[in-house]
Peer 1: 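Below is the structure I would like to discuss, written out as structure tokens.
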Protein chains: 2
Amino acid sequence: MEQSNTRVPTPDKELAELKEHLRRGNHAELREGCKPGAELLSLIAEKWTVLVVIVLSDGPKRFKELQRSLTGVSQRMLTLTVRGLERDGLISRTVFPTVPPRVEYALTDLGESLRTPIFALGQWARDNRAVIEAARARYDRSAESAPAGDRNVSG
Amino acid sequence: MEQSNTRVPTPDKELAELKEHLRRGNHAELREGCKPGAELLSLIAEKWTVLVVIVLSDGPKRFKELQRSLTGVSQRMLTLTVRGLERDGLISRTVFPTVPPRVEYALTDLGESLRTPIFALGQWARDNRAVIEAARARYDRSAESAPAGDRNVSG
DNA sequence: CGGTATCCGTAAAGATACTG
DNA sequence: CAGTATCTTTACGGATACCG
């Protein structure tokens with residue numbers, strides 16, 4: 001790449017690369033200083049990670065199988081997701097040097113141990129979905145007439 | 001940029017307002033069509049929601065108390081978070097029309113019921129934090145020498 | 001097949017100022 | 001105190017193209 005004569009502050013290209021690197025690598029460093037609770041969130045909040053764990057609960061899967069199971073995930077996001085999970089030791093990645101290549105992902109023991117709390121959460125979600133949707137409908141209806149903090153006034 | 005005289009497609013101002021409206025209101029509609037698993041995630045993935053539930057497990061709190069407990073949340077994000085939780089029926093919001101104003105947030109029964117699975121997840125995180133950090137360190141070290149898919153080659 | 005690199009749009013998060 | 005409104009910054013996520 002063209003690093004010019006003296007020094008370019010942020011050539012917009014390098015910046016993007018840096019961002020990418022930070023994202024792919026350990027963006028956790030950015031949140032270091034936050035409480036451990038927040039770390040947990042970054043672990044499961046990345047939209048696809050939980051789904052991957054659930055799908056792999058069924059047994060090892062190849063890249064394409066994962067992608068098909070997740071209906072809607074892009075190649076990029078799936079790659080980032082499995083890399084992150086591999087990094088955290090939740091899944092293993094095994095390459096078979098055949099042609100065409102074959103890569104299998106599977107839950108590690110650590111990943112297996114995450115199944116229990118995740119499924120508990122899933123169970124809660126299923127049990128209370130109707131309640132939540134009802135609450136939303138109620139809220140949205142009353143929000144039309146009471147725009148802001150005029151609801152639930154005590155006294 | 002050069003939109004001609006006749007009709008402005010997205011006046012950049014209205015667009016922002018629309019976005020804000022969608023965000024504050026029911027952005028869930030955008031994800032409708034996704035699977036229920038994804039809905040669950042949008043429920044807890046918004047970075048502060050889980051923390052708020054945890055803090056409120058200790059008992060009702062006022063706005064400022066919540067903000068102090070969460071160290072680092074902005075006024076805006078806290079407002080959005082509690083609104084979302086209120087909408088979903090997980091917390092209640094009670095206004096005392098005193099001066100200065102006083103608003104208390106508390107877990108509803110539904111919110112209380114979420115404590116169990118959340119704490120289970122938190123327990124898992126605490127139990128395995130060391131393991132995960134070790135895995136990360138190992139991964140990052142080996143990733144330096146094996147840049148890509150050259151690790152864990154079978155055969 | 002299983003990725004990586006790049007570009008770009010949108011959504012989330014933060015800072016700040018102002019209101020009842 | 002408890003917000004709302006506005007603006008800016010940052011991160012997330014998708015589409016595409018190309019490589020081994």
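Convention: sequence-line order gives letters A, B, ...; per-chain numbering from 1.
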Peer 1: Whole angstrom is fine here: how far is it from CD1 in B/I91 over to P in D/dA2?
Peer 2: 13 Å

Peer 1: A/R83 CZ to C/dG2 P: how many Å, rounded?
Peer 2: 12 Å

Peer 1: Heavy atoms only: give me the nearest A/S113-A/P117 pair and the separation to one decimal.
Peer 2: O-CD, 3.4 Å

Peer 1: Would you call B/R83 and B/R93 a side-chain contact if the rule is heavy atoms closer than 4.5 Å?
Peer 2: yes

Peer 1: Nearest of D/dT4, C/dG3, C/dG14 to any side-chain atom of A/Y105?
Peer 2: C/dG3

Peer 1: Can you identify which nucleotide, out of C/dT4, C/dC1, D/dG3, has its nearest atom closest to the B/F63 side chain?
Peer 2: D/dG3

Peer 1: Hey, does B/T94 have a side-chain heavy atom less than 4.5 Å from the side chain of B/V103?
Peer 2: no

Peer 1: Hey, mind stepping through A/F63 and A/T79 against side-chain contact (heavy atoms from CB on, under 4.5 Å) and telling me if it holds?
Peer 2: CA-CA 9 Å; A/F63 189 87; A/T79 300; 3.6 Å; yes

Peer 1: Let's test your reading of the pairing rules: Watson-Crick or G-U wobble, both distances under 3.5 Å, then write DNA chain D as a dot-bracket string with ( ), [ ], | and dots.
Peer 2: ||||||||||||||||||||

Peer 1: So which nucleotide from D/dA2, D/dG3, C/dA13 ends up closest to the side chain of B/R62?
Peer 2: D/dA2

Peer 1: With respect to B/Q67, which candidate in B/R62, B/Q75, B/K61 satisfies the side-chain contact (heavy atoms from CB on, under 4.5 Å) definition?
Peer 2: B/Q75

Peer 1: Starting at CE of A/M77 and ending at P of D/dC12, how long is that distance when rounded to a whole Å?
Peer 2: 8 Å

Peer 1: Between atom CG in B/L51 and atom C1' in C/dA13, what is the gap in whole Å?
Peer 2: 14 Å

Peer 1: I'd like to know whether A/I91 forms a side-chain contact (heavy atoms from CB on, under 4.5 Å) with A/V82, so could you lay out the CA-CA distance, the side-chain angles of the two residues, the decisive distance to 0.1 Å, and finally the verdict.
Peer 2: CA-CA 8 Å; A/I91 68 176; A/V82 293; 4.0 Å; yes

Peer 1: Among residues at least two apart in sequence or on other chains, which ones pass salt bridge (Lys or Arg N to Asp or Glu O under 4.0 Å) with A/R115?
Peer 2: A/E112

Peer 1: B/R68 CZ to D/dA2 C1': how many Å, rounded?
Peer 2: 12 Å

Peer 1: For B/V82 and A/V73, find the nucleotide of DNA chain D closest to each by heavy atoms; which residue's nucleotide sits nearer the 5' end?
Peer 2: B/V82

Peer 1: Taking B/S92 for the side chain and B/T108 for the main chain, is one N or O donor matched with an acceptor at less than 3.5 Å?
Peer 2: no

Peer 1: In whole Å, what is the span from the CD atom of B/E104 to the P atom of D/dG3?
Peer 2: 12 Å

Peer 1: Does some side-chain heavy atom of B/L114 sit less than 4.5 Å from a side-chain heavy atom of B/L110?
Peer 2: no

Peer 1: Where the side chain of A/K64 is concerned, which of C/dT4, C/dC1, D/dG3 is the nearest nucleotide?
Peer 2: C/dC1

Peer 1: Could you tell me how far apart A/Q67 (CD) and C/dG3 (P) are, to the nearest whole angstrom?
Peer 2: 10 Å

Peer 1: Which letter, B, S or -, goes with each nucleotide of nucleotides 15-20 of chain C from 5' to 3', with contact meaning a protein heavy atom under 4.0 Å?
Peer 2: B-B--B

Peer 1: Name the nucleic acid region contacted by B/F96, choosing base, sugar-phosphate or nothing; use a 4.0 angstrom heavy-atom cut-off, strictly under.
Peer 2: nothing

Peer 1: Can you tell me how far C1' of C/dA5 sits from CG of A/L80, to the nearest Å?
Peer 2: 12 Å

